[in-house]
Amino acid sequence: MAATFRGTTPEPPDARPRLTVLSGPSGVGKSTVVAHMRKEHPEVWLSVSATTRRPRPGEKHGVHYFFVSDDEMDKLIANGELLEWAEFAGNRYGTPRTAVLERLEAGEPVLLEIDLQGARQVRESMAEAQLVFLAPPSWEELVRRLTGRGTEPPEVIERRLEAAKIELAAEPEFDVTLVNTSVEDVARELLALMDVV
Ligand SMILES: Nc1ncnc2c1ncn2[C@@H]1O[C@H](COP(=O)(O)OP(=O)(O)OP(=O)(O)O)[C@@H](O)[C@H]1O
Ligand SMILES: Nc1nc2c(ncn2[C@@H]2O[C@H](COP(=O)(O)O)[C@@H](O)[C@H]2O)c(=O)[nH]1
């Protein structure tokens with residue numbers, strides 16, 4: 001397991017299922033790792049976020065995101081329905097609160113895939129949450145992955161890379177860093193951190 005860990009060895013996982021937050025710069029491979037992990041372990045519950053971003057080809061409402069209007073997002077925020085929310089590269093994203101709390105109450109392992117600002121909010125409101133940072137093998141590889149994905153125009157890629165500089169500098173705030181060199185290795189390590197295997 002040590003292959004992709006960076007920094008100190010994490011504490012052994014607590015026996016209780018708890019909230020795990022996966023963050024890291026746009027394009028590092030968070031969704032790829034989570035999809036790989038959930039193929040083998042569908043019992044890991046992934047929160048579906050609300051977003052004002054437009055769907056990419058193939059993205060489905062209620063599966064990848066709840067795609068909402070600006071007005072709907074305003075209401076979710078005003079009504080306190082989000083556990084956390086943030087503006088990222090021109091769109092807003094937030095985690096529906098009730099579903100997360102219900103799953104934790106039911107004793108299920110819960111995973112959030114969110115940005116740095118959201119991770120900081122979760123740390124404030126749920127001190128027991130485990131914060132995992134997914135890092136790229138290098139800056140050049142991050143640029144290659146984000147550009148190679150082909151889902152954003154150049155100006156949006158620039159905004160995401162500007163945000164990535166801030167996110168990479170915040171790595172020490174996280175409990176654990178995993179370097180995404182191999183999707184399979186990182187997925188296995190994340191499962192172990194969540195005490196699923
Ligand atoms: N270990 C890896 N090696 C090579 N390519 C990878 C690896 N992990 C992910 N990728 C590729 O990198 C690109 C970005 O991955 P992905 O969309 O999962 O990133 P993300 O962190 O979820 O991004 P965002 O935060 O923008 O949603 C995809 O094309 C994916 O196939
Ligand atoms: N703070 C939150 N960030 C979120 C949430 N859902 C996703 N995200 C993060 O936004 C960026 C961009 O995502 P993309 O799908 O447009 O590429 C990425 O870092 C996601 O992890 C959320 O609910 N809250």
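Each ligand, and each atom within it, is numbered from 1 in the order the structure gives. Each residue takes its place number in the sequence, starting with 1. Values in this document were obtained by computation on a predicted structure and should not be read as measured data.
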Please verify the inter-ring angle class for Y93 with F88; under 30° counts as parallel, over 60° as perpendicular, anything in between as tilted.
perpendicular
Within the supplied structure, the quantity of interest is the number of heavy atoms (other residues, nucleotides, ligands) at a distance under 6.0 Å from E124 CD; does it exceed 12?
no
Note the single closest protein heavy atom to atom 14 (C) of ligand 1, along with its residue, its atom name and the distance in Å.
G27 O, 3.4 Å
Greater than 12 external heavy atoms within 6.0 Å of E105's CD
no
What protein heavy atom is closest to atom 10 (N) of ligand 1, reported as residue, atom name and distance in Å?
R145 CD, 3.9 Å
Does ligand 1 have any atom sitting under 4.0 Å from a heavy atom of E113?
yes
The closest protein heavy-atom partner of atom 27 (O) of ligand 1 is R149 NH1, 3.6 Å
Which pairs count as ring-ring contact (aromatic ring centres under 6.0 Å, His included) when at least one residue sits in residues 153-197, sequence neighbours excluded?
F133-F174
Among protein heavy atoms, which lies nearest atom 1 (N) of ligand 1, and at what distance?
N180 OD1, 3.0 Å
In this structure, does ligand 1 have an atom that sits under 4.0 Å from one of the heavy atoms of P25?
yes
I'd like to check whether E141 has a polar contact with ligand 1, where a contact means an N/O of the residue lying under 3.5 Å from an N/O of the ligand.
no
Quick check: do V44 and T20 have side-chain heavy atoms less than 4.5 Å from each other?
no
State the CZ-CZ distance between F67 and R54, to the nearest 0.5 angstrom.
11.0 Å
Of all heavy-atom pairs linking T52 and S69, the shortest is CG2-O, 4.0 Å
Tell me which residues fall inside the under-4.0 Å heavy-atom shell around ligand 2.
K30, S49, R53, R56, Y65, E84, A86, F88, Y93, G94, T95, E113, I114, D115, G118, R160
Check ligand 1 against R160 and write out every atom of the ligand that is under 4.0 Å from a heavy-atom position of the residue.
26 (O)
Residue-level breakdown please: for T181 versus ligand 1, do any non-hydrogen atoms fall below 4.0 Å on the side chain, on the backbone, on both, or on neither?
backbone
Minimum heavy-atom separation for I114 to A119, with atom names?
CD1-N, 3.6 Å
Around E72, counting heavy atoms of other residues, nucleotides and ligands shown, do more than 12 lie under 6.0 Å from its CD?
yes
Is the shortest N/O to N/O distance between R56 and ligand 1 below 3.5 Å?
no
Does ligand 1 come near enough to G24 that some N or O of the ligand is less than 3.5 Å from an N or O of the residue?
no
Please write down residue, atom name and distance for the protein heavy atom closest to atom 19 (O) of ligand 1.
G29 N, 3.1 Å
How close does the nearest protein non-hydrogen atom get to atom 20 (P) of ligand 1, and which residue and atom is it?
K30 N, 3.5 Å
The single option from R159, K165, R160 passing salt bridge (charged side-chain N to carboxylate O under 4.0 Å, His left out) against E162
K165
Protein contact of atom 30 (C) of ligand 1 - nearest heavy atom, named by residue and atom, plus distance:
T32 OG1, 3.5 Å
Students should be able to answer this: which protein heavy-atom is nearest to atom 26 (O) of ligand 1, and at what distance?
S26 OG, 2.5 Å
